[in-house]
Amino acid sequence: TERISGTLANTLEIEGLRIDSPDWEVSIRTTSLSFQPFYLLLGNVVMKEVAFHEIVFIDKHPEAKKPIDMTWPQIPPSLTWLKGWIGEVRIDGLMYRSGTTEPILVEGLRTAVDWQAGTLVLRNLTAQSSLGSLEGFIMAGFSRPSLTGNLNITLTNTLLDQDSFMFSAK
(Lines give C-alpha, C1' and ligand atoms only; values in the text may rest on other atoms or scores of the structure.)
Protein backbone atom coordinates (compact mmCIF):
# COMPACT_ATOMS: atom_id res chain seq x y z
CA THR A 1 0.00 0.00 0.00
CA GLU A 2 1.39 3.37 -1.05
CA ARG A 3 -0.99 5.73 0.77
CA ILE A 4 -4.04 5.67 3.05
CA SER A 5 -6.05 8.83 3.67
CA GLY A 6 -9.40 9.77 5.18
CA THR A 7 -11.34 8.26 8.05
CA LEU A 8 -13.64 5.32 8.75
CA ALA A 9 -16.26 7.85 9.85
CA ASN A 10 -16.55 9.23 6.31
CA THR A 11 -14.42 8.27 3.29
CA LEU A 12 -11.28 6.16 3.33
CA GLU A 13 -8.99 6.08 0.28
CA ILE A 14 -6.27 3.51 -0.28
CA GLU A 15 -3.75 3.88 -3.10
CA GLY A 16 -1.52 1.14 -4.43
CA LEU A 17 -3.16 -1.84 -2.70
CA ARG A 18 -1.48 -5.14 -3.57
CA ILE A 19 -2.42 -8.66 -2.45
CA ASP A 20 -0.28 -11.69 -3.32
CA SER A 21 -0.84 -15.39 -2.82
CA PRO A 22 0.78 -18.49 -4.32
CA ASP A 23 -2.15 -18.80 -6.77
CA TRP A 24 -2.94 -15.20 -7.73
CA GLU A 25 -1.90 -11.58 -7.53
CA VAL A 26 -4.18 -8.54 -7.27
CA SER A 27 -3.22 -4.90 -7.52
CA ILE A 28 -5.67 -2.00 -7.20
CA ARG A 29 -4.57 1.52 -8.07
CA THR A 30 -7.24 3.26 -5.94
CA THR A 31 -9.84 1.98 -3.48
CA SER A 32 -12.41 4.38 -2.03
CA LEU A 33 -14.78 3.40 0.79
CA SER A 34 -17.56 5.82 1.83
CA PHE A 35 -19.00 4.72 5.17
CA GLN A 36 -22.26 5.68 6.86
CA PRO A 37 -21.40 4.89 10.50
CA PHE A 38 -24.68 6.16 11.96
CA TYR A 39 -26.40 2.96 10.78
CA LEU A 40 -24.15 0.88 13.06
CA LEU A 41 -26.25 2.20 15.98
CA LEU A 42 -29.25 0.56 14.31
CA GLY A 43 -27.39 -2.72 13.78
CA ASN A 44 -26.68 -2.25 10.07
CA VAL A 45 -23.40 -2.12 8.17
CA VAL A 46 -23.94 0.55 5.51
CA MET A 47 -21.65 2.07 2.93
CA LYS A 48 -22.61 4.79 0.51
CA GLU A 49 -20.06 3.71 -2.09
CA VAL A 50 -17.20 1.30 -2.67
CA ALA A 51 -15.10 2.21 -5.70
CA PHE A 52 -12.11 0.49 -7.26
CA HIS A 53 -10.00 1.99 -10.06
CA GLU A 54 -7.66 -0.06 -12.22
CA ILE A 55 -7.71 -3.60 -10.83
CA VAL A 56 -5.26 -6.14 -12.24
CA PHE A 57 -5.95 -9.78 -11.34
CA ILE A 58 -3.30 -12.29 -12.41
CA ASP A 59 -4.00 -16.02 -12.14
CA LYS A 60 -0.62 -17.64 -11.48
CA HIS A 61 -1.79 -21.23 -12.03
CA PRO A 62 -3.98 -21.24 -15.13
CA GLU A 63 -2.67 -24.60 -16.31
CA ALA A 64 -3.99 -26.40 -13.23
CA LYS A 65 -7.18 -28.16 -14.38
CA LYS A 66 -8.86 -29.08 -11.12
CA PRO A 67 -12.51 -30.12 -11.26
CA ILE A 68 -14.85 -27.27 -10.34
CA ASP A 69 -16.26 -27.64 -6.84
CA MET A 70 -20.01 -27.09 -7.30
CA THR A 71 -20.76 -27.10 -3.56
CA TRP A 72 -22.87 -24.03 -2.78
CA PRO A 73 -21.13 -21.88 -0.14
CA GLN A 74 -22.88 -21.41 3.18
CA ILE A 75 -22.26 -18.93 5.99
CA PRO A 76 -22.18 -19.91 9.65
CA PRO A 77 -25.61 -19.50 11.31
CA SER A 78 -24.07 -16.93 13.67
CA LEU A 79 -23.70 -14.50 10.72
CA THR A 80 -27.32 -14.61 9.54
CA TRP A 81 -28.19 -11.70 11.85
CA LEU A 82 -25.89 -9.37 9.86
CA LYS A 83 -27.71 -6.79 7.76
CA GLY A 84 -26.37 -4.07 5.51
CA TRP A 85 -26.10 -2.54 2.09
CA ILE A 86 -23.81 -0.63 -0.25
CA GLY A 87 -25.45 2.11 -2.29
CA GLU A 88 -23.06 1.57 -5.20
CA VAL A 89 -20.13 -0.70 -5.93
CA ARG A 90 -18.15 0.71 -8.82
CA ILE A 91 -15.22 -0.84 -10.66
CA ASP A 92 -13.54 1.29 -13.32
CA GLY A 93 -11.01 -0.77 -15.24
CA LEU A 94 -10.37 -4.42 -14.45
CA MET A 95 -7.97 -6.75 -16.22
CA TYR A 96 -7.95 -10.51 -15.65
CA ARG A 97 -4.95 -12.38 -17.03
CA SER A 98 -4.47 -16.13 -16.97
CA GLY A 99 -1.30 -17.63 -18.46
CA THR A 100 -0.66 -16.72 -22.08
CA THR A 101 -4.32 -16.16 -23.03
CA GLU A 102 -5.56 -12.74 -24.04
CA PRO A 103 -6.53 -10.71 -20.96
CA ILE A 104 -10.20 -10.10 -20.24
CA LEU A 105 -10.83 -6.38 -19.88
CA VAL A 106 -13.80 -4.96 -17.98
CA GLU A 107 -14.20 -1.24 -18.60
CA GLY A 108 -16.80 -0.77 -15.89
CA LEU A 109 -19.08 -2.53 -13.44
CA ARG A 110 -21.81 -0.99 -11.28
CA THR A 111 -24.23 -2.52 -8.79
CA ALA A 112 -26.05 -1.85 -5.55
CA VAL A 113 -25.57 -4.52 -2.87
CA ASP A 114 -27.96 -5.69 -0.14
CA TRP A 115 -27.25 -8.33 2.51
CA GLN A 116 -29.91 -9.60 4.90
CA ALA A 117 -30.40 -12.92 6.73
CA GLY A 118 -27.69 -14.62 4.68
CA THR A 119 -29.03 -13.42 1.31
CA LEU A 120 -26.95 -11.33 -1.09
CA VAL A 121 -28.72 -9.19 -3.70
CA LEU A 122 -26.94 -7.40 -6.55
CA ARG A 123 -29.40 -4.81 -7.90
CA ASN A 124 -29.06 -2.68 -11.02
CA LEU A 125 -26.04 -4.72 -12.09
CA THR A 126 -24.34 -3.40 -15.24
CA ALA A 127 -20.98 -4.25 -16.77
CA GLN A 128 -19.14 -3.40 -19.98
CA SER A 129 -16.16 -5.42 -21.19
CA SER A 130 -14.16 -6.30 -24.26
CA LEU A 131 -16.51 -9.31 -24.67
CA GLY A 132 -19.77 -7.35 -24.42
CA SER A 133 -22.11 -5.99 -21.76
CA LEU A 134 -24.58 -7.25 -19.20
CA GLU A 135 -27.35 -5.90 -17.03
CA GLY A 136 -29.77 -7.35 -14.54
CA PHE A 137 -29.94 -8.61 -10.95
CA ILE A 138 -28.78 -11.61 -8.93
CA MET A 139 -30.02 -12.87 -5.57
CA ALA A 140 -28.08 -15.64 -3.81
CA GLY A 141 -28.88 -17.30 -0.49
CA PHE A 142 -25.98 -18.43 1.69
CA SER A 143 -27.85 -19.58 4.80
CA ARG A 144 -30.27 -21.63 2.68
CA PRO A 145 -28.82 -22.34 -0.77
CA SER A 146 -30.71 -20.44 -3.46
CA LEU A 147 -30.06 -18.54 -6.68
CA THR A 148 -32.43 -16.20 -8.47
CA GLY A 149 -31.68 -13.70 -11.15
CA ASN A 150 -32.15 -12.20 -14.59
CA LEU A 151 -29.20 -11.23 -16.75
CA ASN A 152 -29.30 -9.74 -20.24
CA ILE A 153 -26.00 -10.22 -22.04
CA THR A 154 -25.03 -8.51 -25.30
CA LEU A 155 -21.89 -9.83 -26.98
CA THR A 156 -19.38 -7.82 -28.98
CA ASN A 157 -19.00 -10.78 -31.40
CA THR A 158 -21.71 -13.28 -32.24
CA LEU A 159 -21.78 -16.72 -30.64
CA LEU A 160 -23.84 -19.46 -32.30
CA ASP A 161 -25.28 -16.78 -34.63
CA GLN A 162 -26.57 -14.80 -31.61
CA ASP A 163 -25.36 -11.50 -30.23
CA SER A 164 -27.55 -11.36 -27.12
CA PHE A 165 -28.71 -13.81 -24.48
CA MET A 166 -31.04 -13.67 -21.49
CA PHE A 167 -30.47 -15.89 -18.47
CA SER A 168 -33.11 -16.40 -15.81
CA ALA A 169 -32.67 -18.52 -12.68
CA LYS A 170 -35.16 -19.41 -9.96
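Every value quoted in this text rests on a predicted model; they were computed, and no experiment measured them.
Note on Glu102 versus Arg97: no salt bridge recorded, every NZ/NE/NH1/NH2 to OD/OE distance being 4.0 Å or above.
Judged by distance alone, the side chains of Ser27 and Arg29 never bring a donor and an acceptor atom under 3.5 Å apart.
Considering every non-hydrogen atom in both Phe137 and Arg123, the closest pair reads CB-CA, 4.4 Å. Scanning both residues, Val45 and Leu40, for their nearest heavy atoms gives CG2-CD2, 4.2 Å. Nearest heavy-atom pair across Leu147 and Ala140 is CD1-CB, 4.2 Å. Of all heavy-atom pairs spanning Thr156 and Gly132, the tightest one is OG1-N, 3.2 Å.
Of the inter-residue distances, the one linking Ile14 atom CD1 with Ile28 atom CD1 reads 8.5 Å to the nearest 0.5 angstrom. Here CH2 of Trp85 is found 13.0 Å from CE of Met47. Values are rounded to the nearest 0.5 Å.
Identified under the side chain to side chain donor-acceptor pair (under 3.5 Å) test for residues 161-170, with sequence neighbours left out: Asn150-Ser168.
Tracing side-chain contacts under 4.5 Å through hydrophobic residues (I, L, V, M, F, W, Y), one never reaches Leu109 starting from Val121; they form parts of separate clusters.
Using bins of under 30°, 30° to 60° and over 60° for the plane-to-plane angle, the ring pair Phe142/Trp115 lands in the parallel bin.
The side chain to side chain contact (heavy atoms under 4.5 Å, CB included) test with Thr31 singles out one residue from Leu17, Ile4, Ile55, and that residue is Leu17.
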